[in-house]
Amino acid sequence: MVLSIRRVLLLLPLALAACPAPAVRIDPQGPMQVWATGSLERIRPEDPAKPLVPIELFAARGETESFQVILTGPRGVRDAGLEVSDLRGPGGATIGRENLRLYRQHYVEVREPSPSLGNTNRSQGAGWYPDALIPFDAPGGRFRAIPVDVNPGRNQPFWIDVSVPRGATPGQYSGTYRITAQNGTLEGQFRLFVWNFELPLRPRLLSFVPLWNTKTKAARLELLRHRLMPGRVEPAEVRELVNEHGLNSIDLGFWSGANAQTCRARPAPPVAELAAARAARETGVPIYNFAFDELDACPNNLLPDIRAWVTNLRAAGVLHLSTLHPRLELLDDGNGKPLVDIFAINAEMYEEAQRNGLWERAKAKGSSFWYYTALLNRDTPFAPQWLLDYSPLNWRISSGFLAYNLGFSGILGWAADFYDTSRGQDPWTDVRYFNAGRAFNGDGLWFYPGQDVGLPGRIVPSIRAKWLRDGIEDYEYLRLLRDRGLNIRVGTVAEEMARSFRDWQKDPAQLEAARRSIGEVLHQGR
């Protein structure tokens, strides 16, 4: 991957203006200002600049930590780019710049705010949001990363992922970043403290985030880079994805066709077909089949169909996952086992299962629970929402502290890269998902199509995907604490971050402080 700006890039034709404003005259002799901030601050186009101070990061071996560099100029900036140095650490240790991945943040417009039904967790309103991340190594097409023009008085944020090698020496590292433009050059410093523990390649939080529009190996690898599981994979690639890229679970992809709209199921696949599909993907990770989706409004809840599917899945040695309310009739398949091995439930379903005691009964029988959310549930608007115009912690906390504290072992997203080709939707300029005439911004769109930046057959991430990844790494910290028996004071710190769907921390600074406290305990091994 190209991680620094070659001088030749600055001679390319002018890029599209980065900030969402009418094209205006840019003075290439005007002054520039740059500053850096952490990953949980959302930078709007007209946010005021901040002082330039060194940015400090903390990360385990095998973890990716991020920060942002923001460029602005009162008279605009012409042909801007960003380059980074190697990081120099203890005893001459080095983390090379090849471990840093650079992106330009692309603004998308929210024209219709997503619905808000509660007082404690609401859409942040209409306006321009940084979301899509254009990689510096993308050759460019309709959009490109660098060089980029910045209109007067507007911000252009960049995103930097720092992936800590598994063999990195613990301790303090230092590096620099440099903005280069026709206007001049500015530099800043960043520091990384590498903790003396390592995150596993294969995350313990399971997930299912299916691809809808770009179903390629390259797209699956991009999901795995963010610790998200594509679910459905080809037999020929399974071993590589498990052993080298952290794939931790597999969905066989046999769909019943039954959801709240159809209320009708196809016949279950034959046992031999299910068993053959499972055997072709056997690598020691859980293999499940997502078969039924939100049937609670259907007559009789399709219980006979569920039983028929589960009978064949069990005979083939495949786990059954569905988005269903835990109900008494789903907790006995006739042999004392539940009909659902993995209940994927939202906040409303969770609270109901807690009230009626079926959460504990299902767990006692061997079921596990994954968290999901889609659109906006009228009864639980206070819960974290996966909508673009909600605050960053909606994403980060749901896959980390909340999932861990409430006992979820996975998360489920209904789509990674959905956009409606039937209405000619251009996701780079229109992030609306429509349901019942309402716009739910970014729902099911966590990754953007790569062809628009010169990467056909690939997808490029959103900032929201980075927040989910970071939450999954928070979850790993908490699992490591438990595995090592290092609960002490930190147990209370972690609990305070997310006590329930109604009571979770919304201050990014408090989350960062809690994560650092946990990291320091793991680092010291006490």
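In what follows, every heavy atom counts, from backbone to side chain, and hydrogens, waters and symmetry copies are set aside.
The aromatic ring centres of His226 and Phe447 sit less than 6.0 Å apart. Aromatic ring centres of Tyr448 and Trp428: separated by under 6.0 Å.
Each of Asn259, Thr323, Thr262 was scored for a side-chain hydrogen bond (donor to acceptor under 3.5 Å, both in side chains) with Asp293, with one residue passing: Thr323. In summary, of the residues considered (Phe290, Tyr371, Tyr372, Trp370), a ring pair (Phe, Tyr, Trp, His ring centres under 6.0 Å) with Phe208 occurs for Phe290 alone.
Summarising the local packing, CZ of Arg438 is surrounded by 12 or fewer heavy atoms from other residues, nucleotides or ligands at distances under 6.0 Å. Under a cut-off of 6.0 angstrom, the local environment of CD in Gln189 is sparse, with at most 12 non-hydrogen atoms contributed by other residues, nucleotides or ligands. For Asn119, the CG atom is loosely surrounded, since the number of other residues' heavy atoms within 6.0 Å does not exceed 12. Within a 6.0 Å radius of CZ in Arg361, other residues, nucleotides and ligands contribute 12 heavy atoms or fewer.
The pair Arg314-Asp341 meets the salt-bridge criterion, since a charged nitrogen lies less than 4.0 angstrom from a carboxylate oxygen. The pair Arg516-Glu520 meets the salt-bridge criterion, since a charged nitrogen lies less than 4.0 angstrom from a carboxylate oxygen. A salt bridge is absent between Glu360 and Lys363: the closest approach of a Lys/Arg side-chain nitrogen to an acidic carboxylate oxygen does not fall below 4.0 angstrom. Remark: Glu351 engages Arg502 in a salt bridge, criterion side-chain N to carboxylate O under 4.0 Å.
With hydrogens and angles left out, the side-chain atoms of Ser398 and Trp386 include a donor and acceptor closer than 3.5 Å. Between His325 and Asp296, the side chains place a donor N or O and an acceptor N or O closer than 3.5 Å (distance only, hydrogens not considered). Residues Asn248 and Arg227 bring no donor and acceptor atom of their side chains to less than 3.5 Å of each other. For the residue pair Tyr107 and Arg44, no side-chain donor N or O sits within less than 3.5 Å of a side-chain acceptor on the partner.
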Begin with the C-alpha distance, continue with both residues' side-chain angles, and end with the deciding distance and a verdict on salt bridge (Lys or Arg N to Asp or Glu O under 4.0 Å) for Asp443 and Arg432.
CA-CA 8 Å; Asp443 204 6; Arg432 296 171 297 172; over 6 Å; no
Does the salt bridge (Lys or Arg N to Asp or Glu O under 4.0 Å) test come out yes or no for Asp131 and Arg464, once each step is laid out?
CA-CA 7 Å; Asp131 193 54; Arg464 294 167 290 136; 2.9 Å; yes
Show the numbers, then the answer: is there a side chain to side chain donor-acceptor pair (under 3.5 Å) between Asn377 and Glu348?
CA-CA 8 Å; Asn377 189 286; Glu348 178 198 4; 2.9 Å; yes
Which atom pairs, donor and acceptor, lie under 3.5 Å between side-chain atoms of residues 62-71 and protein residues at least two apart or in another chain?
| from | atom 1 | to | atom 2 | distance (Å) |
| --- | --- | --- | --- | --- |
| Glu63 | OE1 | Ala60 | N | 2.8 |
| Glu63 | OE1 | Tyr477 | OH | 2.5 |
| Glu63 | OE2 | Tyr477 | OH | 3.3 |
| Glu63 | OE2 | Arg515 | NH2 | 3.1 |
| Thr64 | OG1 | Ser163 | OG | 2.9 |
| Glu65 | OE1 | Arg515 | NH2 | 3.4 |
| Ser66 | OG | Trp159 | NE1 | 3.3 |
| Ser66 | OG | Asp161 | OD1 | 2.5 |
| Ser66 | OG | Arg469 | NH2 | 2.8 |
| Gln68 | OE1 | Gln105 | NE2 | 2.9 |
| Gln68 | NE2 | Gly38 | O | 2.7 |
| Gln68 | NE2 | Glu41 | O | 2.8 |

